[in-house]
Amino acid sequence: MAEPSKVIHVRNVGHEISENDLLQLFQPFGVITKLVMLRAKNQALLQMQDVPSAVNALQFYTNVQPSIRGRNVYIQFSSHQELTTMDQNAQARGDEPNRILLVTIHHMLYPITVEVLHQVFSPHGFVEKIVTFQKSAGFQALIQYQLQQSAISARNSLQGRNIYDGCCQLDIQFSNLDELQVNYNNERSRDFTNPSLPSEQKGKLSQPGYGDGAMYARAVGFPQMGNAAAIAAAFGGGLPPGVSGTNDRCTVLVSNLNPDRIDEDKLFNLFSVYGNIVRVKLLRNKPDHALVQMGDGFQAELAVHFLKGAMLFGKRLEVNFSKHQNITTGPETHEYSNSNLNRFNRNAAKNYRYCCSPTKMIHISTLPQEVTEEEIIAHLEEHGTIVSTKIFEMNGKKQTLVLFENEEQATEALVCKHATSLGGSTIRISFSQLQSI
């Protein structure tokens with residue numbers, strides 16, 4: 001072990017670990033005077049007020065393995081006796097406040113566009129410019145605020161947070177640039193102070209469905225699309241191919257159901273992937289038919305678009321708009337408008353982003369911390385052949401991906417096991433757009 005020093009060297013500091021996490025680890029032992037995050041090396045240097053404080057911390061953590069957000073970190077005395085200005089500059093000005101932020105997105109399971117970033121960062125102040133690019137560190141963005149205080153506020157609030165549940169984690173540093181240069185307004189860059197910039201270099205066609213025109217025409221022109229900003233953010237300013245955004249019929253007719261296996265709660269589980277459910281009614285005179293009333297016309301259109309032709313319980317579903325605008329309440333109608341299992345009451349942009357046709361892969365969240373792969377397989381294996389599973393942890397919460405042999409088996413698992421209890425926790429299941437684990 002190196003000679004005792006008031007500077008402590010911390011290793012295995014993952015991108016999910018913030019300065020605040022490290023401060024909490026060492027504050028019980030004394031005053032911390034300096035902290036340098038060496039992000040590129042997954043390390044940190046931390047200076048205590050005096051050597052005895054540092055010695056107490058190291059003695060304590062010799063017997064107790066220090067862990068932050070489920071990750072073991074390793075500590076030792078630094079070869080430095082004092083942190084100098086040069087050591088602090090090793091952060092490449094990453095902690096020197098500036099109105100421009102450098103944002104790295106880790107664990108990026110879903111595409112991140114300028115619109116998504118603007119929705120995330122604009123609550124903290126006026127965002128002037130955004131530029132996105134791909135680097136060896138992963139997907140990155142530069143975000144320029146009008147005011148430095150806005151950038152400081154955004155970094156303090158958003159560092160280490162996820163854009164979507166369990167993925168797309170924000171790693172935020174201050175940039176050392178003074179001004180961003182933006183030449184085009186499109187899905188990769190945007191100057192919010194100059195909306196007249198072209199979308200591409202002259203002679204190139206802009207990608208359809210992107211750019212200010214598409215985003216604001218849809219958001220303003222179709223007021224029945226519930227949360228227009230969330231929709232624009234989720235779908236990159238456009239809409240999925242084949243979805244118009246102009247439908248105003250909220251009720252869907254589902255036919256060719258398997259009447260021996262289906263019930264209202266199973267239909268709720270399937271259709272709630274695409275929007276909030278108001279009511280569900282199985283038709284007594286046509287046992288293989290049901291009506292599902294969605295929260296708005298856009299959510300109903302997503303359900304029709306993504307579920308038409310899906311296989312469930314050995315039947316190929318027919319999903320169409322109903323001639324009925326609403327389902328009337330009655331003894332044969334199941335009411336879900338106040339259900340806390342409706343997904344789109346919170347984090348609407350995240351949930352729209354999950355919308356897709358049924359896939360072979362499901363994503364399970366809100367799992368108990370001590371859950372095992374064996375318990376997950378035992379909970380789901382009656383629905384089909386499980387090819388592989390992967391348990392991972394985001395923000396200290398267990399989640400898993402489960403790959404089935406085909407889409408029908410994964411759909412059955414979602415329909416039957418979403419909102420069921422596993423180890424005392426009510427689990428949440430969505431389709432995953434990942435192709436493999």
Side-chain angles (χ1 to χ4, degrees), residues 13 15-24 26-27 31-40 44-47 69 83 85-106 112-133 135 137-164 168-183 185 188-195 197 212 215-216 229-230 232-233 346-347 349-350 395:
V13 180
H15 58 78
E16 73 277 12
I17 294 175
S18 68
E19 289 95 330
N20 201 41
D21 292 328
L22 284 170
L23 292 175
Q24 287 180 14
F26 290 96
Q27 272 170 341
V31 176
I32 297 161
T33 57
K34 291 176 185 172
L35 173 60
V36 177
M37 301 293 282
L38 304 171
R39 289 289 187 192
L45 292 168
L46 181 136
Q47 182 172 309
R69 297 180 185 267
L83 284 179
T85 306
M86 191 179 293
D87 296 320
Q88 289 174 279
N89 285 344
Q91 298 174 98
R93 287 185 63 191
D95 270 349
E96 186 177 327
N98 184 18
R99 70 185 181 129
I100 301 178
L101 298 174
L102 172 62
V103 181
T104 305
I105 312 268
H106 298 287
I112 298 298
T113 62
V114 163
E115 280 80 15
V116 174
L117 290 167
H118 187 257
Q119 190 178 31
V120 170
F121 284 87
S122 60
H124 299 278
F126 181 69
V127 175
E128 293 184 331
K129 300 174 183 179
I130 298 178
V131 177
T132 66
F133 46 93
K135 288 279 191 183
F139 181 87
Q140 293 187 309
L142 288 162
I143 295 172
Q144 179 175 313
Y145 280 98
Q146 190 174 45
L147 302 173
Q148 180 177 294
Q149 190 52 48
S150 301
I152 293 169
S153 166
R155 184 173 185 260
N156 289 342
S157 299
L158 297 172
Q159 169 62 18
R161 301 278 292 277
N162 293 331
I163 295 179
Y164 299 123
C168 301
Q169 188 181 43
L170 297 166
D171 188 0
I172 306 171
Q173 300 176 54
F174 294 112
S175 168
N176 56 6
L177 297 175
D178 296 317
E179 181 77 30
L180 292 185
Q181 179 68 40
V182 176
N183 298 318
N185 283 340
R188 295 179 299 279
S189 62
R190 185 71 51 86
D191 184 344
F192 294 94
T193 66
N194 186 5
L197 284 176
D212 285 325
M215 176 178 171
Y216 293 113
R346 302 183 301 275
N347 301 323
K350 174 198 73 176
N395 289 344

Worksheet item: Leu142 and Leu101: side-chain contact (heavy atoms from CB on, under 4.5 Å), yes or no, with the steps?
Response: CA-CA 6 Å; Leu142 288 162; Leu101 298 174; over 6 Å; no
Worksheet item: When you look at Asn194 and Val182, which way does the side-chain contact (heavy atoms from CB on, under 4.5 Å) test go after all the steps?
Response: CA-CA 9 Å; Asn194 186 5; Val182 176; over 6 Å; no
Practice prompt. Might you work through the side-chain contact (heavy atoms from CB on, under 4.5 Å) test for Thr132 and Phe139, ending with a clear yes or no?
Written response: CA-CA 7 Å; Thr132 66; Phe139 181 87; 3.6 Å; yes
Fill in: Arg99 vs Glu128, side-chain contact (heavy atoms from CB on, under 4.5 Å): CA-CA, chis, key distance, verdict
CA-CA 10 Å; Arg99 70 185 181 129; Glu128 293 184 331; 2.9 Å; yes
Worksheet entry | Audit row: Asp171, Gln169, side chain to side chain donor-acceptor pair (under 3.5 Å) steps and yes/no | CA-CA 7 Å; Asp171 188 0; Gln169 188 181 43; over 6 Å; no
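No side-chain donor-acceptor contact under 3.5 Å links Ser175 to the backbone of Leu102. Looking only at distances, a side-chain donor or acceptor of Asn185 sits under 3.5 Å from a matching main-chain atom of Asp191. Side-chain atoms of Gln146 never come within 3.5 Å of backbone atoms of Phe126 as a donor-acceptor pair (strictly under, hydrogens ignored).
Val120 is listed as a side-chain neighbour of Leu170, based on a closest heavy-atom distance under 4.5 Å. With a 4.5 Å cut-off on side-chain heavy atoms, Lys129 and Gln181 do not count as touching. In this structure, Ile163 and Ile105 have side chains that are in contact, with non-hydrogen atoms separated by less than 4.5 Å. Ile112 is listed as a side-chain neighbour of Tyr164, based on a closest heavy-atom distance under 4.5 Å. With contacts defined as side-chain heavy-atom distances shorter than 4.5 Å, the pair Phe121/Val103 qualifies.
Distance NZ/Lys34 to CG/Leu45: 11.5 Å, rounded to 0.5 Å. Taken to the nearest 0.5 Å, the CG atom of Leu22 stands 6.0 Å off from the CG atom of Leu35. Between the CG atom of Leu180 and the CD1 atom of Ile130 there is a distance of 9.5 Å, given to the nearest 0.5 Å. Interatomic distance, OG of Ser18 versus CD1 of Ile172, reported as 11.0 Å (0.5 Å rounding). In this structure, Gln119 CD and Thr113 OG1 are separated by 9.5 Å, a value rounded to the nearest 0.5 Å. Atom-to-atom distance recorded for Arg155:CZ and His124:NE2 is 13.5 Å, nearest 0.5 angstrom.
Across Tyr145 and Gly125, no two heavy atoms sit closer than the pair CE2-O, 3.6 Å. Ile152 and Phe174 get closest at one heavy-atom pair: CG1-CZ, 3.9 Å.
Donor-acceptor pairing under 3.5 Å is lacking for the side chains of Ser153 and Asn156.
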